[in-house]
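One structure is given here, and the rest of the page talks about it.
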2 protein chains.
Amino acid sequence: MSVNRKQQIIEAATKSFSLFGYKATTIDQVAKLANVGKGTIYTFFKSKEELLDEIISSVIVEIKTAAEQVMSDDQSFFENVHRALYRILEFRKQHQLTIKLLQEVRDIGTPAVQEVMGKLDRAILAYIRDKIEKAMEKGEIRHCDAEITAFLMLKMYIALVFEWEKSHAPLSKEQIAELFELYFFKGLSK
Amino acid sequence: MSVNRKQQIIEAATKSFSLFGYKATTIDQVAKLANVGKGTIYTFFKSKEELLDEIISSVIVEIKTAAEQVMSDDQSFFENVHRALYRILEFRKQHQLTIKLLQEVRDIGTPAVQEVMGKLDRAILAYIRDKIEKAMEKGEIRHCDAEITAFLMLKMYIALVFEWEKSHAPLSKEQIAELFELYFFKGLSK
DNA sequence: AATTGACCATTTTGTTCATTTAGTCACATC
DNA sequence: GATGTGACTAAATGAACAAAATGGTCAATT
């Protein structure tokens with residue numbers, strides 16, 4: 001029973017955060033949705049912020065799993081990174097929770113949400129960085145600063161997947177893969 | 001006399017926009033600073049917004065001039081684009097007006113300022129795009145979509161110059177040049 | 001021991017109203 | 001009579017206050 005209660009609360013909170021955002025979700029609301037007294041929430045979570053934090057932590061795990069699933073050992077480093085990055089951003093683009101929270105950061109700038117989204121970004125960055133380091137060890141790519149490379153790769157993907165659309169027709173997955181290969185691997189020099 | 005009056009107004013407005021931002025600058029203030037009656041401002045500019053627009057238009061010219069000055073025919077395309085982009089962002093980073101207005105977009109989101117800053121971005125993009133097209137014609141670089149390439153180059157520079165600093169030690173001009181060359185020209189493949 | 005909801009301190013929201021502001025225009029100045 | 005002006009107006013803003021809502025606690029309940 002008690003094990004389930006925590007899950008009920010997390011599910012209710014996830015639903016409400018996804019639908020209304022963090023700020024507009026009240027603890028009373030979550031308690032009602034979870035069929036739980038308000039006090040019970042505070043036996044599992046020290047604050048509203050910690051509740052959000054725990055939810056995002058499991059989103060991070062989900063995202064990593066999703067990325068792992070699209071990668072494969074018999075593919076090139078380039079193909080794997082492309083697939084992983086695309087999958088990660090696809091996840092962010094499709095899941096109500098991340099959409100809503102990203103929106104909230106843009107529109108209201110709720111500090112708690114800002115922090116937690118920063119954590120998500122850092123986790124993604126660390127994940128890519130790890131892949132880059134492994135590829136360098138194996139000699140699959142030229143030597144480079146893994147931190148900066150991961151940072152730039154993510155920026156480039158975000159630019160191609162999210163920002164390009166703001167002023168142009170969206171790019172297909174294949175186009176993005178081509179562009180990624182062209183700029184990051186082949187380079188523009190003849 | 002009349003010729004000077006317009007310049008006086010523009011200078012006063014530029015000073016005030018730089019110091020307090022667009023929203024916090026009143027027309028009365030500008031009139032006082034310019035030693036001019038309020039009505040006079042409206043004989044030269046149809047609205048406060050148009051005053052801002054005219055100021056930004058000349059900033060665009062200034063930026064282009066600044067970029068032209070650092071480029072030179074006996075340098076490679078890569079070196080020239082690097083110099084131009086770095087100079088442009090340096091300009092944005094140093095000039096009070098652009099700093100303040102960019103801040104205002106982030107913090108308040110004043111629509112008039114948002115629009116005018118978008119215009120500035122589009123001008124920069126068009127400028128880089130033109131350079132890329134010329135380089136392709138001359139056969140200095142591989143064929144590619146000039147629009148997307150300009151977009152990505154600018155994003156990459158903004159990421160390196162402004163965003164990297166948010167969580168790391170700033171990169172030197174030389175480091176940025178190296179990174180730019182590594183990713184955009186040579187590529188990571190061995 | 002686990003759960004709860006009434007309760008409290010603090011924030012947030014809604015409302016009112018005085019002040020400020022962008023923009024106009026009748027008048028002053030040369 | 002062309003140019004320049006600041007008092008004026010309608011609309012926007014924000015200060016001040018009251019009312020409602022919210023996160024978190026804890027004594028009572030099961």
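This is a predicted model, so every value here is computed, not measured.
- Checked for salt-bridge contact, E104(A) and K23(A) miss the test: no charged N lies under 4.0 Å from a carboxylate O.
- Rounded to whole Å, the distance from NZ on K46(B) to P on dT24(C) is 11 Å.
- Using a cut-off of 4.0 Å between Lys/Arg side-chain N and Asp/Glu carboxylate O, K186(B) and E178(B) are scored as not salt-bridged.
- Separating the NZ atom of K6(B) from the P atom of dT3(D) is a distance of 14 Å, rounded to the nearest angstrom.
- Comparing dT4(C), dC7(C), dG23(C) by their closest approach to the side chain of S47(B) singles out dG23(C).
- Remark: E115(A) CD is loosely packed, at most 12 non-hydrogen atoms of other residues, nucleotides or ligands lying under 6.0 Å away.
- The other members of the hydrophobic cluster of L19(A), by chain and number, are F20(A) (side-chain heavy atoms under 4.5 Å, ILVMFWY only).
- Only at 4.0 angstrom or more do the heavy atoms of residues 19-31 of chain B sit from any atom of DNA chain D, so none qualifies.
- By the 4.0 Å N-to-carboxylate-O rule, E163(A) lies too far from K155(A) to be salt-bridged with it.
- Annotation: Y183(B) is not in aromatic contact with Y183(A) [ring centroid separation under 6.0 Å not met].
- Here the P atom of nucleotide dA27(D) and the OH atom of Y42(A) are 18 Å apart, to the nearest Å.
- Per the geometry, CG belonging to L52(A) stands 12 Å off P belonging to dG24(D), to the nearest Å.
- Rounded to whole Å, atom C1' of dT3(C) lies 17 Å from atom NZ of K32(A).
- At a threshold of 4.0 angstrom between heavy atoms, the contacts of K48(B) are confined to the sugar-phosphate backbone, with no base atom among them.
- Between the CZ atom of F45(A) and the P atom of dT25(D) there is a distance of 15 Å, given to the nearest Å.
- Atom CG in N35(B) sits about 13 Å away from atom C1' in dG4(D), given to the nearest Å.
- Using a cutoff of 4.0 Å between basic side-chain nitrogens and carboxylate oxygens, D130(B) and K134(B) are scored as salt-bridged.
- Along DNA chain D, the nucleotide nearest G37(B) and the nucleotide nearest K38(A) are compared for position; the residue whose nucleotide lies closer to the 5' end is G37(B).
- One interatomic measurement links the two molecules: CD of E49(A) to P of dG23(D), which rounds to 12 Å at whole-angstrom precision.
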